[in-house]
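Read through the structure below, which is laid out as structure tokens, and then see the notes.
For ligands, and for the atoms within them, numbers begin at 1 and follow the listed sequence.
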Amino acid sequence: MPPVVILAIESSCDDTSAAVISDGNVLSNCVATQAIHEQYGGVVPEVASRAHQVNIIPVVEMALKKAGVQKKDVTAVGFTRGPGLLGSLIVGTSFAKAFALAHQLPLIEVDHMQAHVLAHFAENPKPAFPFLCLTVSGGHTQIVLVKDYLDMEVIGQTMDDAAGEAFDKSGKLLGLGYPAGPLLDKLARQGTPVFPFPEPSMEGFNFSFSGLKTSILYFLKNQVKNDPDFIEKNLSDICASIQTTIVTILLKKLRKAAKKTGIKEIAIAGGVSANSGLREALEVMGKKEGWHTYIPAFQFCTDNAGMIGVTAYYKYLAGQFCGQDAAPYARR
Ligand code: KG4
Ligand code: ZN
């Protein structure tokens, strides 16, 4: 039997990505990051759509070349249908449809958040079902109960800002560039978490991060009133304090969910799972709680088509295809 070769496309936000997956193995995973948004301090949707148009064909060509796969060898096309920025999603969706039409291939729509979870099946070791996945990105913060590849339930989520937004907005207050998350992480590694910030009390497995942003804002205002150079002098300690607070909020809820469900297979996913503080703290908590922990390689944490292709592969095996009329969705 020839292998099932999937060409996967991801364009939900500001990364244009294409990947080739053969029988579930990621042969290539190429990402064109749009640095243009840095100058605006955030993603500008219209600029993102235009950059996807520029990048999509070269990224696909590169992914095919790196994988050593020709267009005629592709079995199916997978693409991110949502959630994300509509204008961005339309570029990837339209490309996927056109490619499928030209080569007479089946189309597979993929949910971006489901793909972040299934990124764990791009490498070894793979978590065993059922497992819990803390999915933390720029747009989402969820605790997902994963019963099978295509059977998952969100049991907790943020009521306001996502964890990635908490990093990015706090970093902005400190004058860091965009996206601030990775920069704050780097600075935090050189600091000590000496400034206490309050943790919200939320029901069940839900999260809230908007209060944290407000308390950081007032804390900085007060300190700068007394010492105009406060931020500059204490930057790494402030970063370490913010990071520790966010990580503590996330992991306390994850531990609560693990205790309640009795599940000891614990994974993290999404852009924020690249955070060094979160990765380390999860290992420490995992040892203490007797968990098997799963942390994706960096290339599968932030937005990438590899995870879209892996998800599309399991949907292919389950016979879950979509029509040429599939329209992107901004939200679930
Ligand atoms: O999953 P992702 O690439 O895109 C979305 O689906 O949103 O996540 C992007 C988010 C951004 O908020 C970015 O600041 C954050 O992930 N991020 C980090 C780190 N790397 C990426 N946050 C904290 N520490 C990091 N090392
Ligand atoms: Zn994402």
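In this structure, C13 has no heavy atom closer than 4.0 Å to ligand 1.
For ligand 1, the polar-atom distance check finds an N/O of G138 within less than 3.5 Å of one of the ligand's N/O atoms. Backbone and side-chain nitrogen or oxygen atoms of S276 are examined, and none is located within less than 3.5 angstrom of a nitrogen or oxygen of ligand 1. Residue-to-ligand polar distances place D168 within reach of ligand 1: an N/O pair is separated by less than 3.5 Å. Backbone and side-chain nitrogen or oxygen atoms of A180 are examined, and none is located within less than 3.5 angstrom of a nitrogen or oxygen of ligand 1.
Taking 2.8 Å as the threshold, H140 does not count as a candidate ligand of the Zn ion (ligand 2), since none of its N, O or S atoms lies below it. Coordination check, C13 versus the Zn ion (ligand 2): failed, since every N/O/S atom of the residue sits at 2.8 Å or beyond.
The contact set between ligand 1 and S137, taken as ligand atoms under 4.0 Å from a residue heavy atom, comprises 1 (O), 5 (C), 6 (O), 7 (O), 8 (O).
Taking only non-hydrogen atoms, the option from T135, L184, D303 nearest to atom 4 (O) of ligand 1 is D303.
When only modelled atom types and interatomic distance are considered, D161 and S210 share no side-chain donor-acceptor pair under 3.5 Å. No side-chain donor-acceptor contact under 3.5 Å links H116 and T135.
Nearest to atom 23 (C) of ligand 1 among the protein's heavy atoms is N275 ND2, 3.4 Å.
D303 contributes OD1 as its N, O or S atom closest to the Zn ion (ligand 2).
When each of V4, I6, V20, L64 is checked for a side-chain contact (heavy atoms from CB on, under 4.5 Å) with V74, only L64 meets the rule.
Using a 4.0 Å cut-off between heavy atoms, D185 contacts ligand 1 through its side chain alone, with no backbone atom that close.
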